[in-house]
Amino acid sequence: MLVDAFFELLNLWVLVAALAGIASGIIIGAIPGLGPTMAIALLIPVTFSMEPIPAIILLLGVYQGAIFGGSISAVLLNVPGTPSSAATAIDGFAMARRGEGGRALRIALYASVAGNIFSCLVLMALAQPLARFALDFGPAEMAMLMLFALLVIVLFGGGSKLDALLMVLVGACAGIVGLDPISGTPRFTFGSFAFDNGFQLIPVLIGLFAMSEVLLQAFDRADEVSDAEMPPLKRSVVSLVELWRMRVTLLLSSVIGTFVGILPGIGSTVPAFMSYNLARARSSEAGQFGQGAPEGVAAPEAANNAVTGGALVPTLALGIPGDAVTAVILGAFMLHGLAPGPFLFRDHGLEVYAIFEALLLSSIPTVILGLLFFRVAIHVTRVQPRHLLPAITILAIFGAFSVNNSLFDVWVMLGAGVLGFLFRSSGFPLPPLLIGLILGAPFEQSLRQALLTSGGGFDIFVGSPITIGLVALIAVSLALSLVLGLRKART
Amino acid sequence: MSAKSSGGGVSRPGFRTLTASLLLAAALWALQALDSQIQVFSFGESGPDARSFPRGVLWLLVAVVALRLVLSLRREDAALRAGPLLRVLAVVAVCILALWSMPTVGFLAGAAGAGVIVSLVLGERKPLMLGLPLLVSAVVAYGGQHGLNIPLP
Amino acid sequence: MKFTRRLSLALLGGMSLVPSATLAQQDYPDRAITLVVPYGAGGTTDISARQIASMAEELLGQPIVVENQPGASGTNAMRAVAGADPDGYTLIATTSSPSFVTPALRDVGYDTLEDLVPILNYSGPYHGVVVQVDSPYESLDALIAGGKSDGVTYGTAGAMGGAHLAFAAVATQTGARLQHVPFDGAAKATAAVLGGHVDAALVPAYRDLVRDGQLRLLGVLDGSNDPDFPDVPTLKEAGLSAEFPSIVGIMAPAGTDPVIIQKLEATFTEVASSDEFKSFMTDLSQPVRIMPGAELAKTIEENLVAYREIAKDLGN
């Protein structure tokens, strides 16, 4: 089967499709606001006339490329192209300021590829059993998992825990605006239809990270950055030995990414930050994190790319997509006669395994294309801010608009920009805000769903082995954080 | 490219105090407006309703912000400098103007205008380089409209 | 935004060309038509609308540009199209939820019956009542009986959706305790019933999971049987007076010239009944259900009234 599937790939069109998909994915991902969902949706009509295998390979190439592309602008400009690369920006941008942008990008690239390969292998070997396992996560399990994720963000993010908690709460409050997830009634919409949709993640992200950067620069204007002050571009070779030293981080991050990817509805931003915090907590040089630690780039990149394979598990094995991107991919599979669901592997095993093998092999063109892009992209760091930032402003307006084709989102972006400026100037960390916004509403929804199914009884939160395990994890992390805090206070 | 945390005076209020006070005010207002902003239909269901979670989160936020304010009174804070703040306000004002006029003048003019002013605020004085935002917005507008099929205003 | 500009252009055009207004309908279409999709690009509504658009533009001789205006479960796009110029150049491909479900619940800024003219209905996925295959409930009757004795939880794609309201009506009629659990999309509701977290789910796209023996289909919410499962009863056939007819149709702003509406209805009906469109929709696992505009208007009106009643019962 695997060999037959491989022969299906020996086709010029497959190669062309993979190259075109990855290249356009990287470019679209690098532009703030344009993400994989949009890229895939745009390319679906293009694939109408193609054979199924190249068509799907093109679209999955876009998916992988876009997730990785987001980290290019995150590292070089501190402007994450996609929400999932916000974690990469922390250490990636710090490295770029030292002139190690090329190295950071390479680490991001190799970590991405590692995450991809891992999750793809999982997808090939264990799609069916893991899809069944994902079903065991009901509302109560999801609520506890999200609580755990929020705790990890607050307790192990480095910096002040109080500030992190504050920002998570701000994010959660912002998530309240819109329609109530359970009863469908408007909340804090001020009677306006525009607010019904709530604050969308992408406009908020662009405002917090890109627009606030423009405002910060306007505040701290340096009249002229001379060439001498520009960091020289250092040699950017990453040796295999270096990667080998990160093997545990890469593996753990890939596992987190794949696992969270399998569960519906959390997405790739949360596992990226969880992996980052885990890598930081494990590291012997935790102080380096935030100052440009290579592992701080590798961990989130491995995780957010591993999400792609994980998210395909329930999508393909059950026909149940976990998020917007996989829903679009599901449509693409259907259009090409490969209806995802329990019969996909039985009826179209050859095509599906050919596609999986192509996903694995696409690591090679990803690396080649990635390295080519870096050669050009790295020079962005040497452009004067006053030339760069107007362009970022224009792109921010465009990116926010393009999410829903609505000007309301651009206003949200601008508001988030002003808030982002205030928070950054005050030294409040932005990532917890992002996580609060992402997880706040789903956490409330899961909590209330669980209580609806249990008839109001809180025992449902310790009612299954999974919830008990998660509650134990929560208790352990609270205790651990307390112990570490006490030890730190003593020394 | 991040904020310089050049310390203000210990007693002088800085960014941190300002931001935290704003947050506190917003959260208190939201709590006060909660009942009028969220209607609750009862389906005879048990458990929390549409108001419970927002109320809980907002109270928690008020508590945490208040704690933050008290704790940071003794800490050093990034200074609020009037001159640079004016520049920030100028950028924000220009963006508001651009957004507000975008439905009538279109994306291209609005975005290009905002870009040029941002350029000026950031200290660009060469007329040739001021053309750069025009070029960028033209490329973005054309690419978005035709390449990505986005109905820009 | 766009509409104000278009409006002013139209006004200018109107002023100079008043006598040719009657001519316009004969020339229609003489420029590109915009077909608004109230959901994001890549969903089944979007994909099928793009296909019907690309097939219809060959017959009309002018391009049809599909424009996505997602947000607020489709009501934003409906409101925009309801307020657009009724010149036949702005159409919308819409579904049940923004047509007669949400408008029955709250003010959405448009009235489907007064502000829009249905042109035709061309699809609409069947929604089924599904339970896990080892569930004790073998039929709708058993499910209702279970609801009366122990209470039953059911998941749907979201709060106050058509499926929720239909089952809320069932609960009032029968006195069964049917506890609604809203999910964020039908996919998650399906996952929840598969994992045994809710007793039943009211979702579309159940075919393969039922055939594979993971789910059991007890009934369909539509007015007619699902051709894939002709023996499974509708709610009405099972003695419950509630239904949730699923529509996917094309509408134009009210006031559009009837001649133009007729031309569009004829064109789209021809396209939708072609074998090419049918096989395309089969690949998407979507049925082709053609209904003329007048009939679609009637369906919407009946349901709007019915859902307003249900919502009134729920509200107090």
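Naming convention: chains lettered A, B, ... in sequence-line order (proteins, then strands); numbering from 1 in each chain.
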J.: Is the closest side-chain heavy-atom distance between A/S426 and B/L18 below 4.5 Å?
T.: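 Side-chain contact under 4.5 Å: no.
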J.: So which of A/L162, A/L165, A/T393, A/V418 has the largest heavy-atom pair count under 4.5 angstrom toward chain B?
T.: A/L162
J.: Find the distance between CD1 (A/I397) and SG (B/C95) and round it off to the nearest 0.5 Å.
T.: 5.5 Å
J.: Check whether any side-chain heavy atom of B/P103 lies under 4.5 Å from a side-chain heavy atom of A/L407, and answer yes or no.
T.: yes
J.: Please classify the contact between B/A30 and chain A as side chain, backbone, both or neither, with a heavy-atom cut-off of under 4.5 Å.
T.: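 For B/A30, the contact with chain A is made by backbone and side chain together.
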J.: Quick one: CZ on A/F421 to CZ on B/F15, what's the gap to the nearest 0.5 Å?
T.: 4.0 Å
J.: Is there side-chain contact between B/I96 and A/L414, with heavy atoms separated by less than 4.5 Å?
T.: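 A side-chain contact exists here, since the closest heavy-atom pair is under 4.5 Å.
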J.: Just give me the residue among A/L169, A/V168, A/I392 that pairs up with chain B most often, heavy atom to heavy atom, under 4.5 Å.
T.: A/L169
J.: For chain B, which of A/A172, A/G175, A/A218 has the most heavy-atom pairs under 4.5 Å?
T.: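 Winner by heavy-atom pair count: A/A218.
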J.: Mind checking the CE-CG spacing from A/M167 to B/L23? Nearest 0.5 Å is all I need.
T.: 5.5 Å
J.: Side chain from CB out, backbone as N, CA, C, O: work out which of these in A/L419 comes under 4.5 Å of a heavy atom of chain B, or both, or neither.
T.: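 Interface part for A/L419: neither.
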J.: How many angstroms lie between atom CD1 of A/I394 and atom CG of B/L135, to the nearest 0.5 angstrom?
T.: 9.5 Å
J.: Mind ranking B/V88, B/V136, B/V140 by heavy-atom pairs under 4.5 Å with chain A and telling me who comes out on top?
T.: B/V88
J.: Could you check which of B/V116, B/L86, B/L85, B/I117 has the highest count of heavy-atom pairs closer than 4.5 Å to chain A?
T.: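 Sorted descending by pairs with chain A, the first entry is B/L85.
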J.: Rounded to the nearest 0.5 Å, what separates atom CG in A/D180 from atom CG in B/D49?
T.: 8.5 Å
J.: Under 4.5 Å between any side-chain heavy atoms of A/V410 and B/M102, yes or no?
T.: no
J.: I'd like to verify something: which residue of B/P133, B/P54, B/G56, B/G115 has the highest number of heavy-atom pairs under 4.5 Å with chain A?
T.: B/P54
J.: Below 4.5 Å, heavy-atom pairs only: which of B/S119, B/A114, B/A98, B/A20 has the largest tally toward chain A?
T.: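 Option with the greatest count: B/S119.
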J.: Could you check whether B/R87 makes a cation-pi contact with A/F219, meaning its NZ or CZ is under 6.0 Å from the centre of the six-membered ring and within 45° of the ring axis?
T.: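 So B/R87 doesn't make the cation-pi contact.
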J.: Report yes if some heavy atom in the side chain of A/D163 is under 4.5 Å from a heavy atom in the side chain of B/R16; otherwise report no.
T.: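 When only atoms from C-beta onward are counted, B/R16 and A/D163 do touch, with a gap below 4.5 Å.
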J.: For B/A50 versus A/R448, what's the shortest heavy-atom pair and its separation?
T.: N-NH2, 3.5 Å
J.: Answer whether the closest heavy-atom distance between the side chains of A/P390 and B/L132 falls below 4.5 Å.
T.: no
J.: Crowded around B/W59 CH2? As in, over 12 foreign heavy atoms under 6.0 Å?
T.: no
J.: Over all heavy atoms of both residues, which pair between A/T189 and B/Q37 is shortest? Give the atoms and the distance, please.
T.: N-OE1, 3.7 Å
J.: Tell me the closest heavy-atom pair linking B/F53 and A/F443, and the distance in Å.
T.: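 Nearest heavy atoms, B/F53 then A/F443: CE1-CD2, 3.9 Å.
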J.: Nearest 0.5 Å please: distance from the CG atom of B/L67 over to the CG atom of A/L166.
T.: 9.5 Å
